Amino acid sequence: MIHAYNKYFLSDVQNNLGFACHFAVNDCGLGADNFYDFFLASKVAAGIEEGSPLFVCGCSGTELALTIFDRIGFEPKVTSNDDSILYSRTQEYWAGWILAYYQWNTGLSFSKIRDNIKFSRIVQMYHPLHEAPEEKFLEVMNNIIARNSAKKGTNLHRLRKEAGLTQKELSELSGVNLRTLQQYEIGAKDINKASGQAINALALALRCNFYDVMELDLEN
């Protein structure tokens, strides 16, 4: 996967988004989901996804939150500003911190993540996941999104199940990387943007038409 910004900056993004979430909820009195909606509406989320230097390494967590507020015309009533959070994580700080990690690792948009799980639910995952490795959160979130995708019925997921294949078996038959295959199934990567070679290999392995594998809106 090609990432929007270098892994060297990931810890900065995690810390800044974590502190922005803490600041908005604990210092400004916003609800976690309300702040996340502001985060998306302000296009700051999109800026991080695209690797904008301003949001990746050009501002602090507080400045990130204030930029979000300014862009949507919200005037916060700041009740406190305790930098000790940098050394003692709150649930909101952890949720923003781990969410930045998940977004960078999967390439899934912050909006798509919200479509599958509310930010307040991620905050509630603080116990017990804040003491687990980051990879555990990655696994839990991928499982949640995979279940949602199964309910919605992505073509690739449906076809693989009908063929009686595991993801690993389909990966081996098609030559498509297992991680990439998993991302196509949960929607973390747009299969319509996959190479023709990859789509054709999946179609051959699943014994179906090239276009059956893709997510095409045939009604429009």
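None of these values were measured; they are calculated from a predicted model. Numbers for residues simply follow the sequence, beginning at 1.
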Subject >> Side-chain heavy atoms of Glu63 within contact of Ser60, under 4.5 Å >> reply: yes
Original post:
Can we call the ring centroids of Phe39 and Tyr36 under 6.0 Å apart?
Top reply: yes
**OP:** Verify side-chain hydrogen bond (donor to acceptor under 3.5 Å, both in side chains) between Asp190 and Tyr184, making sure each step is shown before the conclusion.
**Re:** CA-CA 6 Å; Asp190 186 355; Tyr184 285 146; over 6 Å; no
Subject >> pair Phe55-Val13: side-chain heavy atoms closer than 4.5 Å >> reply: no
**OP:** List the atom of Asn192, the atom of Met214, and the distance in Å for their closest heavy-atom pair.
**Re:** OD1-CB, 3.3 Å
Subject >> Closest approach of Leu10 to Tyr5 (non-hydrogen atoms, all atoms of both residues) >> reply: CD1-OH, 3.6 Å
Subject >> Asn15 versus Tyr93, side-chain donor and acceptor atoms under 3.5 Å >> reply: yes
Original post:
What do you reckon, are the aromatic ring centroids of Phe137 and Trp94 less than 6.0 Å apart?
Top reply: yes
Original post:
Side chains of Thr62 and Asp27: does their closest heavy-atom pair fall under 4.5 Å?
Top reply: no
Subject >> For the student: nearest non-hydrogen atoms of Ala4 and Glu50, plus distance >> reply: CB-C, 3.7 Å
Original post:
Hey, is CD on Glu135 packed in by over 12 heavy atoms from elsewhere, all under 6.0 Å?
Top reply: yes
**OP:** Would you indicate whether the side-chain heavy atoms of Trp104 and Ile48 approach each other to under 4.5 Å?
**Re:** no
**OP:** Sorted by first residue and then second, give each salt bridge (Lys or Arg N to Asp or Glu O under 4.0 Å) pair with at least one member in residues 7-21; sequence neighbours left out.
**Re:** none
**OP:** Determine whether more than 12 heavy atoms belonging to other residues, nucleotides or ligands lie under 6.0 Å from atom OH of Tyr211.
**Re:** no
Original post:
Is the closest side-chain heavy-atom distance between Val213 and Cys208 below 4.5 Å?
Top reply: yes
Subject >> salt bridge (Lys or Arg N to Asp or Glu O under 4.0 Å) evaluation trace for Arg114 with Asp33 >> reply: CA-CA 9 Å; Arg114 195 275 309 274; Asp33 290 327; over 6 Å; no
Subject >> Residues forming a side chain to side chain contact (heavy atoms under 4.5 Å, CB included) with Ala132, sequence neighbours excluded >> reply: Leu129, Lys136
**OP:** Identify which one of Leu165, Asp212, Leu173 satisfies the side chain to side chain contact (heavy atoms under 4.5 Å, CB included) criterion when paired with Leu206.
**Re:** Leu165
Original post:
Would you say the side chain of Gln103 lies within less than 4.5 Å of the side chain of Leu108, judging by non-hydrogen atoms?
Top reply: no
Original post:
Step by step, would you call Gln182 with Asn142 a side-chain hydrogen bond (donor to acceptor under 3.5 Å, both in side chains)?
Top reply: CA-CA 9 Å; Gln182 292 169 335; Asn142 281 344; 5.9 Å; no
**OP:** Would you check if the distance from the ring center of Phe74 to the ring center of Phe38 is below 6.0 Å?
**Re:** yes
**OP:** Determine whether Leu202 and Leu181 make a side-chain contact, defined as any pair of heavy atoms from C-beta on separated by less than 4.5 Å.
**Re:** yes
